[in-house]
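Because the structure is predicted, anything quoted here is derived from the model rather than measured. FYI, side chains are in, hydrogens and waters are out, and symmetry mates aren't considered; it's all heavy atoms of this structure. Convention: sequence-line order gives letters A, B, ...; per-chain numbering from 1.
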Amino acid sequence: MIAAVVVDVPSGSVNKTFDYRIPVELEGWAEPGMRVIVPFGPRKLQGFILEIKEDSTVKGMKNIIEILDPLPVLTSELIELGRWLAENTLSFYITAYQAMLPAAMKATYEKAFQVLVPEKLTDPIASLFSANNEINVSDITNENPHLLKTLQNLAKEGVLDVVYKVKNKANKKRVKFVSLASKDLAKDTIQQNQKKAEKQKALLRELVNRPSGEYPLQEILTETGASHTTAQTLVKKGILHIEEKEVYRDPFQGRKMKPSKPLPLTENQENAIKPILHSIENNNHQTVLLHGVTGSGKTEIYLQSIQSVLDKGKEAIVLVPEISLTPQMVNRFKGRFGSAVAVLHSGLSIGEKYDEWRKILRKEVSVVVGARSAIFAPFQNLGIVIIDEEHETSYKQEDHPRYHARDVAIWRGKFHSCPIVLGSATPALETYARAQKGRYQLAELAKRVHSNPMPEVTIIDMREELKNGNRSMFSKELMDKLKTGLEKGEQSVLFLNRRGYASFILCRDCGYVAHCPHCDISLTFHKRYGELKCHYCGYKEGTPSVCPSCSSEHIRFFGTGTQKVEEELAKVLPEARVIRMDVDTTSKKGSHEKLLTAFENGEADILLGTQMIAKGLDFPKVTLVGVLAADTMLHLPDFRASEKTFQLLTQVSGRAGRHELEGKVIVQGYDTQHYSIQLASKHDYHTFYNHEMQARKLHQYPPFYYLGLLTFSHPDLMQVVDASDKAATYLSKRLSHDSLLLGPVTSPIARVKDRYRYQVMIKYKNEPELRVWFEEIIAHFQKDKDIKDLQITGDLNAQTLM
DNA sequence: AGCACGCCGACT
DNA sequence: GTCGGCGTGCTC
């Protein structure tokens, strides 16, 4: 039998399968989807079997060296999905397959010299091998390049052998368990009157006192103070039995989970869950957009939908943005479905992720809660996929394979004939537009549960505050409300929107921000050249010294941070206990959770933070939410700026008044008249949607057009300009009349790691050949020997132009 | 991607 | 003469 294998080499020239013979001893054992080790040229590489076939036309086939998995790690569905993924994201097959599996399964390679004929080794070299029969090449290359040459020559002469090793990044965790081999023998030993062997007796006593069974050796040793050798001695005496067993690392060890029962649904919820249950019942694929205001009880709908999927013996995937994958979130699922839940997120170690993943493969769990890549959970009987906060941009992976979890989810939904639920209070424009068109089914939750009112939002214009002599970063009203909350013993959340800082120019008097006349995008301030530039079309102008709008001199670029806010808060409200959450205070593992728990337990009055406190948090005692600098993001050079601002303000406001106490939100900013701020304060998604859709239509952005993006990078600016120019010409001759070609222009991030970046953008509605053209362009420059080191990445559906 | 092979200039 | 630089092409 022959196996078609993709090998672990992410390169265009080997982006295909290679045929290998399956040796007789592995016959009937090898299956598609298993990882194997195969010879590839002089090396050994890891690869995936994609297909098993009878024969092959290839001459001089080699044998598979080893099969790495007892079970396929890629199901036939995932093999097919990977092919689709690679082809639609312009990635290599191997890259797509590796993205579906936990990092632990990716191979690492090592090359080493081994001694073949020890007698022929002379001394300086011989001593190198005295400790070990082998030397890793990676250990010598940096230190002594000359030695490498010598060893290579010895290898040529046949004195040394070159071996290639393939390893895994992480392995199954094995733990030693101890049990009594003979209880009687143990008791006898304890009875012995000698003063000797006290540690041995202590160890045995511990085991005798416990109910008979196996215990982790380490636990027993720490308990009794005995050492490994003690245990080993007892094994030799035949009193103890030690066995190594494979265990799962448990990232949730010792955590208490509050069990929860299904809550009665409100009438609103009943209506919203209907289409989902209907799709589950009839086993048909349907994408349902669950548009529900913050606090409207979307999670309960998720939970009950999952329950009905589990009742049918099927499985569920829940995607949550990385940032809101908090213990609070996880507990809601673990509380309802207990040990049937696996969790996959970046906070886990490589090994922990591997273990959680294996629980899925072995069908030990039927619910997965995780970030983006959890969409590849190897379930074989998938009954539902839920994507919470579906508008989040983090669902799009920004390096290869550049997939959007939403697209993958829908692919799997079609494959399994099951519903895909997209939940959000502020759906992405693309999603809502599709729901309007009828491609997705729309389910709306317009009211909060228990008829809690939406929080009242007050917008404060900081320009007015400045005119009235308030130069602090807190408006008078926010100060007053913070004080009142403090007196009443209620909690407040202060949200500082840090994205978009320091890159734009703002007039402190009138709120003027420089915009590009051609693109309706704010200009980016380039400190180095002292000029303002548009990252979309390349337009530029000088930095004004006075505001072009009101002639004020208070025009400058803008910036502040959470630390500064904390300091100022300490000055004006010294009695307030503040917890600050940002990248600095949450970098340590578990600190995120600790801070939130502290806040939940009322150990602080004010929670101050950035993006990471905007989503999903639910604290009953929070009555006030303050948003500092609500409008900074509006000035990012991003056509989604308004949408993101609206989403963020809506999310943050949603943290207030979710329970008995009524909530209040104060939003501070400069450009407070902007529709995304005004409409967010009125909780009016629909008007925002209509308004924003008009703007997108006018400027030819998604969802009216798809964005194709080709990014070129090279250390030499001239090469990038030249290559991107050629590509643009190539495309311009082929694009249909409905498509628009923009650029080439410098990327918003013009240089990364000493490489200049240029991009060509295509706005298109229907361009079935675009993928092929991108491939051709990439292949063309790959072959061109005059331009080495030119990197090109193509994205057929870019979410951002950065 | 890595590795070998092969073809040229610089030094023992 | 040989060592070692990099350009070229292949990997079932």
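Listed by chain and number, the residues in a ring-ring contact (aromatic ring centres under 6.0 Å, His included) with A:Tyr109 amount to none (sequence neighbours excluded). Contacts of A:Arg402 classified as salt bridge (Lys or Arg N to Asp or Glu O under 4.0 Å), with partners at least two apart in sequence or in another chain: A:Glu398, A:Asp795. Judged as a salt bridge (Lys or Arg N to Asp or Glu O under 4.0 Å), and not counting sequence neighbours, the contacts of A:Arg771 are A:Glu775. In this view, A:Pro744 and A:Ser724, A:Asp725, A:Ala728, A:Tyr758, A:Val760 satisfy the side-chain contact (heavy atoms from CB on, under 4.5 Å) rule, not counting sequence neighbours. For A:Glu315, there are no salt bridge (Lys or Arg N to Asp or Glu O under 4.0 Å) partners at least two apart in sequence or on another chain. Applying the side-chain contact (heavy atoms from CB on, under 4.5 Å) criterion to A:Leu68, with sequence neighbours excluded, gives A:Arg35, A:Ile37, A:Gln46, A:Glu66.
Within the 4.0 angstrom heavy-atom criterion, base atoms lie near A:Ser13.
Within the structure, ring-ring contact (aromatic ring centres under 6.0 Å, His included) contacts touching residues 1-22 of chain A (residues at least two apart or in different chains) are A:Phe18-A:Phe40. Within the structure, every pair that satisfies the side chain to side chain donor-acceptor pair (under 3.5 Å) test and touches residues 47-56 of chain A, not counting sequence neighbours, is listed here: A:Asp19-A:Lys53, A:Asp19-A:Ser56.
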Which atom pairs link the protein and nucleotides 10-12 of chain B when you take only N or O atoms and keep those under 3.5 Å?
none

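Contacts between residues 34-41 of chain A and DNA chain C, defined by a heavy-atom separation under 4.0 Å, are made by A:Pro39, A:Phe40, A:Gly41. Contacts with DNA chain C (heavy atom under 4.0 Å) in residues 57-67 of chain A: A:Val58, A:Gly60, A:Met61, A:Lys62, listed by number.
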Dot-bracket pairing map - DNA chain C, Watson-Crick plus G-U, both contacts under 3.5 Å, | cross-strand: |||||||||||.
